[in-house]
Engineer: 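After the C-alpha coordinates below, expect a handful of questions from me.
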Amino acid sequence: MEKMEFIYTSGWEKFEQYCKELYRGYLNRYCQGNEKACEDEINKAYAMGMNFIREKVKENKEILKQLWVAAFIGNLARKYDLTVTVRTQSCVFILGLFNLLPYDAMKTTSINYPFSNLSLTEYEVGELFYNTAKREIEAFFHDSGQEILWLGSVEKDEIQPIGVAVLPEGKTKLDYIKNCVKLTDGSIGLIEETTSAYNETEEFIAEIYYFLPTKRTTKLDMDICEGLKIDKTENFVCSWGNMIETGFMTPEEEVRFQYLKPDTEFEMMEILALCMADVNYPELVDENILFSVYPFTREDVFRYLINISMSEENACYWTEVIRKGQFADKYEKGNNKNEADYFDDSEVEMFKAVKYLPSEILVLTTYELYKRCAVQNKITQIRDLERQKEWFGYRK
(Lines give C-alpha, C1' and ligand atoms only; values in the text may rest on other atoms or scores of the structure.)
Protein backbone atom coordinates (compact mmCIF):
# COMPACT_ATOMS: atom_id res chain seq x y z
CA MET A 1 0.00 0.00 0.00
CA GLU A 2 1.27 3.45 -0.94
CA LYS A 3 1.73 5.94 1.87
CA MET A 4 -1.67 7.40 2.64
CA GLU A 5 -2.22 11.13 3.05
CA PHE A 6 -4.96 11.52 5.63
CA ILE A 7 -7.04 14.69 5.24
CA TYR A 8 -10.01 15.47 7.48
CA THR A 9 -12.02 16.88 4.58
CA SER A 10 -11.09 14.36 1.86
CA GLY A 11 -13.87 12.96 -0.32
CA TRP A 12 -15.70 9.66 -0.53
CA GLU A 13 -13.75 8.24 -3.51
CA LYS A 14 -10.43 8.51 -1.68
CA PHE A 15 -11.93 6.96 1.45
CA GLU A 16 -13.41 4.08 -0.53
CA GLN A 17 -10.06 3.44 -2.22
CA TYR A 18 -8.29 3.36 1.15
CA CYS A 19 -10.81 0.80 2.45
CA LYS A 20 -10.30 -1.33 -0.67
CA GLU A 21 -6.54 -1.41 -0.12
CA LEU A 22 -6.95 -2.41 3.53
CA TYR A 23 -9.48 -5.03 2.50
CA ARG A 24 -7.20 -6.60 -0.09
CA GLY A 25 -4.48 -6.96 2.53
CA TYR A 26 -6.91 -8.55 4.99
CA LEU A 27 -8.24 -10.88 2.31
CA ASN A 28 -4.73 -12.09 1.41
CA ARG A 29 -3.95 -12.83 5.06
CA TYR A 30 -7.27 -14.34 6.06
CA CYS A 31 -8.00 -16.52 3.03
CA GLN A 32 -4.67 -18.29 2.87
CA GLY A 33 -5.48 -21.93 3.54
CA ASN A 34 -9.23 -21.25 3.90
CA GLU A 35 -11.97 -22.48 1.61
CA LYS A 36 -13.63 -20.26 -1.00
CA ALA A 37 -16.78 -20.20 1.14
CA CYS A 38 -14.83 -18.19 3.73
CA GLU A 39 -13.79 -15.68 1.08
CA ASP A 40 -17.38 -15.36 -0.13
CA GLU A 41 -18.54 -14.68 3.42
CA ILE A 42 -15.92 -11.98 3.89
CA ASN A 43 -16.75 -10.38 0.54
CA LYS A 44 -20.39 -10.22 1.58
CA ALA A 45 -19.53 -8.64 4.95
CA TYR A 46 -17.28 -6.05 3.30
CA ALA A 47 -19.87 -5.15 0.65
CA MET A 48 -22.62 -4.79 3.27
CA GLY A 49 -20.40 -2.61 5.44
CA MET A 50 -19.42 -0.29 2.61
CA ASN A 51 -23.00 -0.02 1.31
CA PHE A 52 -24.20 0.88 4.80
CA ILE A 53 -21.50 3.56 5.17
CA ARG A 54 -22.20 4.92 1.69
CA GLU A 55 -25.89 5.40 2.50
CA LYS A 56 -25.09 7.11 5.80
CA VAL A 57 -22.70 9.52 4.06
CA LYS A 58 -25.40 10.34 1.51
CA GLU A 59 -27.76 11.16 4.39
CA ASN A 60 -25.18 13.31 6.17
CA LYS A 61 -21.91 14.31 4.48
CA GLU A 62 -20.42 15.35 7.85
CA ILE A 63 -20.12 11.65 8.73
CA LEU A 64 -17.34 11.37 6.15
CA LYS A 65 -15.17 13.53 8.43
CA GLN A 66 -15.74 11.08 11.28
CA LEU A 67 -14.73 8.23 8.99
CA TRP A 68 -11.48 9.99 8.08
CA VAL A 69 -10.72 10.54 11.76
CA ALA A 70 -11.36 6.83 12.39
CA ALA A 71 -9.08 5.84 9.50
CA PHE A 72 -6.32 8.17 10.75
CA ILE A 73 -6.58 7.07 14.41
CA GLY A 74 -6.57 3.43 13.32
CA ASN A 75 -3.41 4.07 11.32
CA LEU A 76 -1.76 5.64 14.38
CA ALA A 77 -2.78 2.67 16.53
CA ARG A 78 -1.18 0.31 14.04
CA LYS A 79 1.93 2.48 13.59
CA TYR A 80 2.69 2.79 17.32
CA ASP A 81 1.18 -0.51 18.48
CA LEU A 82 -1.41 1.24 20.65
CA THR A 83 -4.66 -0.22 21.93
CA VAL A 84 -7.47 1.99 20.64
CA THR A 85 -11.14 0.98 20.44
CA VAL A 86 -14.03 2.94 19.02
CA ARG A 87 -17.47 2.99 20.60
CA THR A 88 -19.78 2.01 17.76
CA GLN A 89 -23.01 0.24 16.92
CA SER A 90 -22.43 -0.60 13.28
CA CYS A 91 -20.06 -1.26 10.33
CA VAL A 92 -17.95 -3.58 12.48
CA PHE A 93 -16.04 -5.17 9.62
CA ILE A 94 -14.76 -1.84 8.24
CA LEU A 95 -13.70 -0.63 11.68
CA GLY A 96 -11.96 -3.97 12.19
CA LEU A 97 -9.93 -3.20 9.07
CA PHE A 98 -9.01 0.12 10.69
CA ASN A 99 -7.61 -1.74 13.73
CA LEU A 100 -10.15 -0.11 16.05
CA LEU A 101 -11.73 -3.23 17.55
CA PRO A 102 -10.02 -5.73 19.91
CA TYR A 103 -11.18 -8.80 17.98
CA ASP A 104 -11.46 -10.14 14.45
CA ALA A 105 -14.60 -8.54 13.04
CA MET A 106 -15.55 -11.79 11.29
CA LYS A 107 -16.07 -13.31 14.73
CA THR A 108 -19.39 -11.53 15.12
CA THR A 109 -22.36 -10.69 12.97
CA SER A 110 -23.48 -7.10 13.00
CA ILE A 111 -26.90 -5.81 12.04
CA ASN A 112 -26.56 -2.81 9.74
CA TYR A 113 -30.24 -2.00 9.40
CA PRO A 114 -31.29 1.42 8.08
CA PHE A 115 -32.30 2.80 11.50
CA SER A 116 -28.90 2.10 13.00
CA ASN A 117 -26.72 5.10 13.77
CA LEU A 118 -23.21 5.67 12.55
CA SER A 119 -21.31 7.75 15.07
CA LEU A 120 -17.53 7.55 15.41
CA THR A 121 -16.73 10.26 17.92
CA GLU A 122 -15.81 8.31 21.06
CA TYR A 123 -12.65 6.23 21.52
CA GLU A 124 -11.10 4.38 24.45
CA VAL A 125 -7.33 4.85 24.70
CA GLY A 126 -4.49 4.43 27.15
CA GLU A 127 -2.43 7.17 28.77
CA LEU A 128 0.38 6.50 26.28
CA PHE A 129 -1.91 7.62 23.46
CA TYR A 130 -1.47 11.32 24.13
CA ASN A 131 2.28 11.06 24.75
CA THR A 132 2.72 9.15 21.49
CA ALA A 133 0.17 10.49 19.03
CA LYS A 134 -0.66 14.04 20.15
CA ARG A 135 1.65 15.88 17.74
CA GLU A 136 0.47 13.82 14.77
CA ILE A 137 -3.17 14.47 15.62
CA GLU A 138 -2.45 18.21 15.70
CA ALA A 139 -0.68 17.95 12.33
CA PHE A 140 -3.58 15.95 10.83
CA PHE A 141 -6.08 18.71 11.59
CA HIS A 142 -3.65 21.55 10.82
CA ASP A 143 -2.78 20.08 7.40
CA SER A 144 -6.52 19.76 6.75
CA GLY A 145 -6.97 23.48 7.37
CA GLN A 146 -8.80 22.97 10.68
CA GLU A 147 -8.17 24.74 13.97
CA ILE A 148 -8.54 22.65 17.09
CA LEU A 149 -8.52 23.00 20.85
CA TRP A 150 -7.74 20.09 23.13
CA LEU A 151 -10.52 19.08 25.46
CA GLY A 152 -9.74 18.60 29.15
CA SER A 153 -11.36 17.18 32.27
CA VAL A 154 -10.53 18.26 35.81
CA GLU A 155 -9.24 15.35 37.92
CA LYS A 156 -7.61 15.90 41.31
CA ASP A 157 -6.81 19.54 40.55
CA GLU A 158 -5.24 18.57 37.21
CA ILE A 159 -6.73 19.08 33.75
CA GLN A 160 -6.11 15.89 31.79
CA PRO A 161 -6.76 15.63 28.02
CA ILE A 162 -9.84 13.62 27.05
CA GLY A 163 -10.35 14.64 23.43
CA VAL A 164 -10.24 17.35 20.82
CA ALA A 165 -12.67 20.06 19.69
CA VAL A 166 -12.56 20.82 15.97
CA LEU A 167 -13.56 24.46 15.56
CA PRO A 168 -16.16 25.39 12.95
CA GLU A 169 -15.05 26.93 9.67
CA GLY A 170 -14.16 30.59 10.05
CA LYS A 171 -13.56 30.36 13.80
CA THR A 172 -10.18 30.50 15.54
CA LYS A 173 -8.88 29.95 19.06
CA LEU A 174 -9.31 33.67 19.66
CA ASP A 175 -13.09 33.21 19.45
CA TYR A 176 -12.90 30.82 22.43
CA ILE A 177 -10.09 32.49 24.35
CA LYS A 178 -12.18 33.50 27.40
CA ASN A 179 -12.76 29.86 28.29
CA CYS A 180 -9.32 28.54 27.37
CA VAL A 181 -7.12 26.88 30.00
CA LYS A 182 -3.79 25.11 30.12
CA LEU A 183 -3.94 21.35 30.35
CA THR A 184 -1.49 19.45 32.55
CA ASP A 185 0.73 18.69 29.55
CA GLY A 186 0.93 22.41 28.64
CA SER A 187 -1.57 22.33 25.78
CA ILE A 188 -4.13 25.07 25.33
CA GLY A 189 -7.66 23.73 25.53
CA LEU A 190 -11.19 23.89 26.83
CA ILE A 191 -12.61 22.22 29.90
CA GLU A 192 -15.35 19.85 28.72
CA GLU A 193 -18.06 21.50 30.81
CA THR A 194 -17.53 24.87 29.09
CA THR A 195 -18.31 23.56 25.59
CA SER A 196 -22.05 23.58 26.33
CA ALA A 197 -21.94 27.38 26.45
CA TYR A 198 -21.00 27.44 22.76
CA ASN A 199 -23.76 25.02 21.73
CA GLU A 200 -26.36 27.74 22.22
CA THR A 201 -25.09 29.48 19.09
CA GLU A 202 -24.85 27.29 15.98
CA GLU A 203 -21.88 29.13 14.47
CA PHE A 204 -19.76 28.29 17.55
CA ILE A 205 -20.60 24.58 17.82
CA ALA A 206 -17.41 22.52 17.60
CA GLU A 207 -17.16 18.88 16.52
CA ILE A 208 -16.01 16.91 19.57
CA TYR A 209 -13.93 13.72 19.37
CA TYR A 210 -13.39 11.96 22.67
CA PHE A 211 -10.20 9.98 23.28
CA LEU A 212 -10.91 8.75 26.79
CA PRO A 213 -8.00 7.17 28.72
CA THR A 214 -8.91 4.14 30.84
CA LYS A 215 -6.87 2.07 33.26
CA ARG A 216 -7.47 -1.19 31.40
CA THR A 217 -6.26 0.19 28.07
CA THR A 218 -3.30 1.87 29.78
CA LYS A 219 -2.40 -1.51 31.27
CA LEU A 220 -2.57 -3.22 27.87
CA ASP A 221 -0.32 -0.56 26.31
CA MET A 222 2.19 -0.81 29.15
CA ASP A 223 2.32 -4.59 28.66
CA ILE A 224 3.03 -4.06 24.98
CA CYS A 225 5.91 -1.71 25.87
CA GLU A 226 7.32 -4.52 28.02
CA GLY A 227 7.13 -6.99 25.14
CA LEU A 228 3.88 -8.69 26.08
CA LYS A 229 1.06 -8.50 23.55
CA ILE A 230 -1.83 -10.88 22.94
CA ASP A 231 -3.57 -10.24 19.63
CA LYS A 232 -5.87 -13.25 19.75
CA THR A 233 -7.42 -14.66 22.91
CA GLU A 234 -9.33 -17.59 21.36
CA ASN A 235 -6.78 -20.18 22.45
CA PHE A 236 -6.78 -19.05 26.08
CA VAL A 237 -9.23 -20.15 28.75
CA CYS A 238 -10.26 -17.45 31.22
CA SER A 239 -12.44 -18.13 34.24
CA TRP A 240 -14.76 -15.57 35.79
CA GLY A 241 -12.21 -15.32 38.60
CA ASN A 242 -9.46 -14.40 36.12
CA MET A 243 -11.67 -11.62 34.77
CA ILE A 244 -12.26 -10.22 38.27
CA GLU A 245 -8.55 -10.36 39.09
CA THR A 246 -7.84 -7.78 36.40
CA GLY A 247 -9.22 -5.18 38.82
CA PHE A 248 -10.90 -3.27 35.99
CA MET A 249 -14.49 -4.48 36.26
CA THR A 250 -17.20 -2.21 37.65
CA PRO A 251 -18.54 -3.04 41.11
CA GLU A 252 -21.79 -4.37 39.60
CA GLU A 253 -19.95 -6.54 37.07
CA GLU A 254 -17.65 -7.96 39.74
CA VAL A 255 -20.45 -8.76 42.20
CA ARG A 256 -22.62 -10.40 39.55
CA PHE A 257 -19.67 -12.50 38.35
CA GLN A 258 -19.00 -13.60 41.95
CA TYR A 259 -22.59 -14.64 42.57
CA LEU A 260 -23.44 -16.16 39.19
CA LYS A 261 -20.02 -17.75 38.48
CA PRO A 262 -20.44 -17.84 34.69
CA ASP A 263 -18.76 -20.78 32.97
CA THR A 264 -18.91 -19.79 29.33
CA GLU A 265 -18.11 -16.79 27.16
CA PHE A 266 -21.83 -16.46 26.36
CA GLU A 267 -22.78 -16.29 30.04
CA MET A 268 -20.07 -13.73 30.79
CA MET A 269 -21.26 -11.50 27.97
CA GLU A 270 -24.88 -11.85 29.12
CA ILE A 271 -23.87 -10.52 32.53
CA LEU A 272 -21.87 -7.66 31.02
CA ALA A 273 -24.85 -6.77 28.80
CA LEU A 274 -27.16 -6.72 31.81
CA CYS A 275 -24.77 -4.42 33.69
CA MET A 276 -24.55 -2.03 30.74
CA ALA A 277 -28.30 -2.01 30.16
CA ASP A 278 -30.77 0.12 32.07
CA VAL A 279 -33.78 -2.12 32.64
CA ASN A 280 -36.31 -1.94 35.46
CA TYR A 281 -37.92 -5.35 35.26
CA PRO A 282 -39.01 -7.41 38.30
CA GLU A 283 -38.00 -10.75 36.78
CA LEU A 284 -34.36 -9.69 36.83
CA VAL A 285 -34.22 -10.46 40.55
CA ASP A 286 -34.16 -14.10 39.44
CA GLU A 287 -30.57 -14.85 38.48
CA ASN A 288 -31.66 -17.58 36.06
CA ILE A 289 -33.22 -14.94 33.79
CA LEU A 290 -29.70 -14.04 32.72
CA PHE A 291 -29.28 -17.22 30.76
CA SER A 292 -32.77 -17.36 29.27
CA VAL A 293 -34.42 -15.41 26.46
CA TYR A 294 -34.56 -11.96 28.03
CA PRO A 295 -33.14 -9.41 25.54
CA PHE A 296 -30.21 -7.47 26.95
CA THR A 297 -28.73 -6.05 23.72
CA ARG A 298 -30.08 -4.27 20.68
CA GLU A 299 -29.43 -7.37 18.57
CA ASP A 300 -31.27 -9.56 21.08
CA VAL A 301 -34.37 -7.40 20.60
CA PHE A 302 -34.08 -7.49 16.82
CA ARG A 303 -33.77 -11.29 16.74
CA TYR A 304 -36.64 -11.60 19.23
CA LEU A 305 -38.93 -9.52 17.02
CA ILE A 306 -37.96 -11.44 13.89
CA ASN A 307 -38.73 -14.69 15.74
CA ILE A 308 -42.27 -13.53 16.46
CA SER A 309 -42.67 -13.07 12.68
CA MET A 310 -42.46 -9.28 12.57
CA SER A 311 -41.24 -7.86 9.26
CA GLU A 312 -37.57 -6.85 9.14
CA GLU A 313 -38.44 -3.20 8.49
CA ASN A 314 -40.69 -2.94 11.54
CA ALA A 315 -38.33 -5.06 13.65
CA CYS A 316 -35.68 -2.45 12.87
CA TYR A 317 -38.02 0.36 13.84
CA TRP A 318 -39.12 -1.15 17.16
CA THR A 319 -35.58 -2.21 18.02
CA GLU A 320 -34.43 1.40 17.94
CA VAL A 321 -37.50 2.54 19.88
CA ILE A 322 -36.99 -0.10 22.56
CA ARG A 323 -33.24 0.23 23.01
CA LYS A 324 -33.54 4.03 23.45
CA GLY A 325 -36.19 3.62 26.16
CA GLN A 326 -38.97 5.15 24.01
CA PHE A 327 -41.36 2.20 23.85
CA ALA A 328 -43.82 3.59 26.40
CA ASP A 329 -44.12 6.79 24.35
CA LYS A 330 -44.39 5.16 20.91
CA TYR A 331 -46.59 2.16 21.64
CA GLU A 332 -50.39 2.56 21.56
CA LYS A 333 -52.57 -0.41 22.39
CA GLY A 334 -54.99 -1.15 19.57
CA ASN A 335 -52.90 0.77 17.02
CA ASN A 336 -51.62 -1.58 14.30
CA LYS A 337 -49.12 0.88 12.85
CA ASN A 338 -45.65 -0.70 12.37
CA GLU A 339 -47.17 -4.05 13.39
CA ALA A 340 -47.60 -2.87 16.99
CA ASP A 341 -50.35 -5.49 17.39
CA TYR A 342 -47.63 -8.19 17.44
CA PHE A 343 -46.84 -7.36 21.08
CA ASP A 344 -48.77 -9.23 23.76
CA ASP A 345 -49.34 -7.74 27.21
CA SER A 346 -46.28 -9.39 28.79
CA GLU A 347 -44.02 -8.12 26.00
CA VAL A 348 -45.45 -4.61 26.35
CA GLU A 349 -44.56 -4.61 30.04
CA MET A 350 -41.13 -6.05 29.35
CA PHE A 351 -40.22 -3.46 26.73
CA LYS A 352 -41.69 -0.55 28.67
CA ALA A 353 -39.17 -1.40 31.40
CA VAL A 354 -36.21 -0.80 29.07
CA LYS A 355 -34.49 2.57 29.39
CA TYR A 356 -31.36 1.69 27.41
CA LEU A 357 -29.82 -1.39 25.79
CA PRO A 358 -26.20 -1.64 24.58
CA SER A 359 -25.19 -3.01 21.21
CA GLU A 360 -23.76 -6.51 20.91
CA ILE A 361 -20.62 -4.90 19.51
CA LEU A 362 -20.10 -2.83 22.66
CA VAL A 363 -20.60 -5.88 24.88
CA LEU A 364 -18.15 -7.99 22.86
CA THR A 365 -15.59 -5.16 22.86
CA THR A 366 -15.82 -4.87 26.65
CA TYR A 367 -15.54 -8.63 27.10
CA GLU A 368 -12.50 -8.90 24.80
CA LEU A 369 -10.67 -6.06 26.57
CA TYR A 370 -11.27 -7.71 29.96
CA LYS A 371 -10.19 -11.07 28.61
CA ARG A 372 -7.04 -9.66 27.04
CA CYS A 373 -6.11 -8.09 30.39
CA ALA A 374 -6.82 -11.40 32.15
CA VAL A 375 -4.74 -13.42 29.68
CA GLN A 376 -1.81 -11.02 29.89
CA ASN A 377 -2.04 -11.15 33.68
CA LYS A 378 -1.78 -14.94 33.61
CA ILE A 379 1.18 -14.84 31.25
CA THR A 380 2.90 -12.23 33.42
CA GLN A 381 2.39 -14.42 36.49
CA ILE A 382 3.84 -17.46 34.71
CA ARG A 383 6.77 -15.42 33.42
CA ASP A 384 7.48 -13.98 36.88
CA LEU A 385 7.35 -17.47 38.39
CA GLU A 386 9.82 -18.75 35.82
CA ARG A 387 12.14 -15.83 36.56
CA GLN A 388 11.96 -16.61 40.28
CA LYS A 389 12.85 -20.22 39.60
CA GLU A 390 15.81 -19.19 37.48
CA TRP A 391 16.98 -16.69 40.10
CA PHE A 392 16.75 -19.14 42.99
CA GLY A 393 18.29 -21.88 40.87
CA TYR A 394 21.18 -19.57 40.07
CA ARG A 395 21.63 -18.70 43.75
CA LYS A 396 21.93 -22.38 44.64
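Sequence positions, counted from 1, serve as the residue numbers for this chain. As the structure is a prediction and not an experimental result, all values here were calculated from the model.
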Engineer: Under a 3.5 Å cutoff, is there a donor and acceptor pairing between the side chains of Tyr342 and Glu347?
Structural biologist: no
Engineer: Does any N or O in the side chain of Lys182 come within less than 3.5 Å of the main-chain N or O of Ile159, such that one atom is a donor and the other an acceptor?
Structural biologist: no
Engineer: Between Glu320 and Arg323, does at least one N-O distance fall below 4.0 Å, as a salt bridge requires?
Structural biologist: yes
Engineer: Is any side-chain heavy atom of Trp318 closer than 4.5 Å to one of Phe351?
Structural biologist: no
Engineer: Tell me every residue that passes side chain to side chain donor-acceptor pair (under 3.5 Å) with Glu122, counting only those two or more places apart in sequence or in another chain.
Structural biologist: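 Once residues adjacent in sequence are excluded, Glu122 has no partner under the side chain to side chain donor-acceptor pair (under 3.5 Å) criterion.
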Engineer: Just by distance, do the side chain of Asn75 and the backbone of Ala71 share a donor-acceptor pair under 3.5 Å?
Structural biologist: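 Such a contact is absent between Asn75 side chain and Ala71 backbone.
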Engineer: Tell me, do Tyr46 and Cys19 make a side-chain contact under 4.5 Å, heavy atoms counted?
Structural biologist: yes
Engineer: Hey, could you give me each pair passing side-chain hydrogen bond (donor to acceptor under 3.5 Å, both in side chains) that has a residue in residues 161-175? Not counting sequence neighbours.
Structural biologist: Lys171-Glu203
Engineer: Applying side chain to side chain donor-acceptor pair (under 3.5 Å), name anything that partners Asp223, two or more places apart in sequence or on another chain.
Structural biologist: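 Expected list: Lys219, Gln376.
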Engineer: So do Met269 and Glu265 actually touch side chain to side chain, heavy atoms under 4.5 Å?
Structural biologist: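 Yes. Closest side-chain heavy atoms under 4.5 Å.
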Engineer: What are the two closest non-hydrogen atoms of Arg298 and Leu357, and how far apart are they?
Structural biologist: N-CB, 4.2 Å
Engineer: Answer with yes or no whether the hydrophobic clustering places Val166 together with Ile7; edges join I, L, V, M, F, W, Y residues whose side-chain heavy atoms lie under 4.5 Å apart.
Structural biologist: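 No; Ile7 is not reachable from Val166 via cluster members.
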Engineer: Could I get the full list of side-chain contact (heavy atoms from CB on, under 4.5 Å) partners for Asn51, not counting sequence neighbours?
Structural biologist: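 Listed in chain order: Arg54.
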Engineer: If you compare all heavy atoms of Pro262 against all heavy atoms of Ile271, which two are closest, and at what distance to 0.1 Å?
Structural biologist: CG-CD1, 3.7 Å
Engineer: Quiz question: by atom type and distance under 3.5 Å, do the side chains of Glu124 and Thr214 form a donor-acceptor pair?
Structural biologist: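 A donor-acceptor contact under 3.5 Å links the two side chains.
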Engineer: When Asp221 is tested against each of Thr132, Val125, Thr83 for side chain to side chain contact (heavy atoms under 4.5 Å, CB included), which residue passes?
Structural biologist: Thr83
Engineer: Counting distance only, does the side-chain N/O of Glu267 pair as donor-acceptor with the main-chain N or O of Asp263 below 3.5 Å?
Structural biologist: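 Yes, because the side chain of Glu267 sits within donor-acceptor range (under 3.5 Å) of the backbone of Asp263.
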Engineer: Which is it for Arg24 and Glu21 under the salt bridge (charged side-chain N to carboxylate O under 4.0 Å, His left out) test, yes or no, and what are the steps along the way?
Structural biologist: CA-CA 5 Å; Arg24 291 192 193 103; Glu21 292 180 9; 5.4 Å; no
Engineer: Do Arg216 and Thr246 come close enough that some side-chain heavy atom pair is under 4.5 Å?
Structural biologist: no
Engineer: Does Ser187 use its side chain to pair, donor to acceptor, with the backbone of Leu183 at less than 3.5 Å?
Structural biologist: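 Pair absent, no side-chain N/O of Ser187 close to backbone of Leu183.
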Engineer: Kindly confirm or rule out a cation-pi arrangement of Arg87 over Tyr123, judged by NZ or CZ under 6.0 Å from the six-membered ring centre and within 45° of its axis?
Structural biologist: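 Relative to the ring axis of Tyr123, which defines the angle, Arg87 lies outside at least one limit.
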Engineer: Can you tell me how far NE2 of His142 sits from CD of Glu147, rounded to the nearest 0.5 angstrom?
Structural biologist: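 Here the rounded value is 8.0 Å.
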Engineer: For Asn43 and Tyr23, what are the C-alpha separation, side-chain angles and deciding distance, and is it a side chain to side chain donor-acceptor pair (under 3.5 Å)?
Structural biologist: CA-CA 9 Å; Asn43 285 331; Tyr23 176 62; 2.2 Å; yes
Engineer: Could you tell me which residues satisfy ring pair (Phe, Tyr, Trp, His ring centres under 6.0 Å) with Phe140, sequence neighbours excluded, listed by chain and number?
Structural biologist: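 Phe72.
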Engineer: Please identify each residue that fulfils ring pair (Phe, Tyr, Trp, His ring centres under 6.0 Å) with Phe248, with sequence neighbours left out.
Structural biologist: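 With neighbours one apart ignored, the set is empty.
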Engineer: Going by the rule salt bridge (charged side-chain N to carboxylate O under 4.0 Å, His left out), which residues pair with Asp345 if we only count those two or more places apart in sequence or in a different chain?
Structural biologist: Lys333
Engineer: Please identify each residue that fulfils ring pair (Phe, Tyr, Trp, His ring centres under 6.0 Å) with Trp68, with sequence neighbours left out.
Structural biologist: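 Testing Trp68 for ring pair (Phe, Tyr, Trp, His ring centres under 6.0 Å), a comparison that skips the adjacent residues, returns Phe15.
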Engineer: Are Lys58 and Glu55 within salt-bridge range, i.e. N to O under 4.0 Å?
Structural biologist: yes
Engineer: Would you say that Cys238 contacts Val375 through its side chain, given a criterion of any heavy-atom pair below 4.5 Å between the two side chains?
Structural biologist: yes
Engineer: Do the charged groups of Glu138 and Lys134 touch, with an N to O distance under 4.0 Å?
Structural biologist: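 Yes, Glu138 and Lys134 are salt-bridged.
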Engineer: Working note: Ser311 + Glu339, criterion side chain to side chain donor-acceptor pair (under 3.5 Å); need CA distance, chi angles, decisive distance, verdict.
Structural biologist: CA-CA 8 Å; Ser311 70; Glu339 297 179 304; 2.9 Å; yes
Engineer: Start with the C-alpha distance between Glu253 and Tyr370, add both sets of side-chain angles, then the distance that settles side chain to side chain donor-acceptor pair (under 3.5 Å), and finish with yes or no.
Structural biologist: CA-CA 11 Å; Glu253 290 167 349; Tyr370 282 151; 2.6 Å; yes
Engineer: Any side-chain heavy atom of Thr88 sitting closer than 4.5 Å to one from Ser119?
Structural biologist: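 Heavy-atom side-chain distance check fails, nothing below 4.5 Å.
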Engineer: Show, in sequence, the C-alpha distance, side-chain angles and deciding distance for Lys56 and Glu59, and conclude whether the salt bridge (charged side-chain N to carboxylate O under 4.0 Å, His left out) test is met.
Structural biologist: CA-CA 5 Å; Lys56 291 302 176 183; Glu59 292 173 12; 3.7 Å; yes
Engineer: Should side-chain heavy atoms under 4.5 Å link Ile, Leu, Val, Met, Phe, Trp and Tyr, which residues sit in the same cluster as Leu220?
Structural biologist: Leu369
Engineer: Take Lys324 and Val321, measure what side-chain contact (heavy atoms from CB on, under 4.5 Å) needs, and give me the verdict at the end.
Structural biologist: CA-CA 6 Å; Lys324 292 177 180 178; Val321 168; over 6 Å; no
Engineer: Considering non-hydrogen atoms only, spot the tightest contact between Ala133 and Leu76 and give its length.
Structural biologist: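 Scanning both residues completely, I find the closest heavy atoms to be CB-CD1, 3.7 Å.
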Engineer: Test of understanding: with side chain to side chain donor-acceptor pair (under 3.5 Å), list the residues that count as partners of Glu245, not counting sequence neighbours.
Structural biologist: none
Engineer: With a 4.5 Å cut-off on side-chain heavy atoms, are Ile73 and Val84 touching?
Structural biologist: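 Yes. Closest side-chain heavy atoms under 4.5 Å.
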Engineer: Establish, yes or no, whether a centroid distance under 6.0 Å links the rings of Phe327 and Phe343.
Structural biologist: yes
Engineer: Indicate whether any N or O donor in one side chain lies under 3.5 Å from an N or O acceptor in the other, for Tyr210 and Glu192.
Structural biologist: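 The answer is yes; a qualifying pair exists.
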Engineer: Does Tyr26 form a ring-ring contact (aromatic ring centres under 6.0 Å, His included) with Phe93? I'd like the steps, not just the answer.
Structural biologist: CA-CA 11 Å; Tyr26 178 86; Phe93 186 67; 5.5 Å; yes
Engineer: Which atom pair, heavy atoms only, marks the closest approach of Tyr176 to Pro168?
Structural biologist: OH-CD, 3.2 Å
Engineer: Rounded to the nearest 0.5 Å, what's the gap from OG1 on Thr366 to CE on Met249? Could you check?
Structural biologist: 9.5 Å
Engineer: Give the minimum heavy-atom separation between Leu100 and Gly74, together with the two atoms involved.
Structural biologist: CD2-CA, 3.7 Å
Engineer: Please find the pair of heavy atoms, one from Leu149 and one from Gly189, that lie closest to each other, and give the distance.
Structural biologist: CD2-CA, 4.2 Å
Engineer: May I have the step-by-step check of side-chain contact (heavy atoms from CB on, under 4.5 Å) for Tyr317 and Ile322, ending in yes or no?
Structural biologist: CA-CA 9 Å; Tyr317 169 77; Ile322 292 165; over 6 Å; no
Engineer: If the condition is ring pair (Phe, Tyr, Trp, His ring centres under 6.0 Å), which residues does Phe129 pass it with, not counting sequence neighbours?
Structural biologist: Phe211
Engineer: Please check if the number of heavy atoms outside Gln146 that lie under 6.0 Å from its CD is greater than 12.
Structural biologist: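 Count over threshold, so yes.
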Engineer: Taking the side chain as every heavy atom from C-beta outward, state whether Leu128 and Cys225 have any pair of such atoms under 4.5 Å apart.
Structural biologist: yes
Engineer: Can you sort out the partners of Lys261 under side chain to side chain donor-acceptor pair (under 3.5 Å), two or more places apart, ordered by chain and number?
Structural biologist: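 With sequence neighbours excluded, Lys261 shows a side chain to side chain donor-acceptor pair (under 3.5 Å) to no residue whatsoever.
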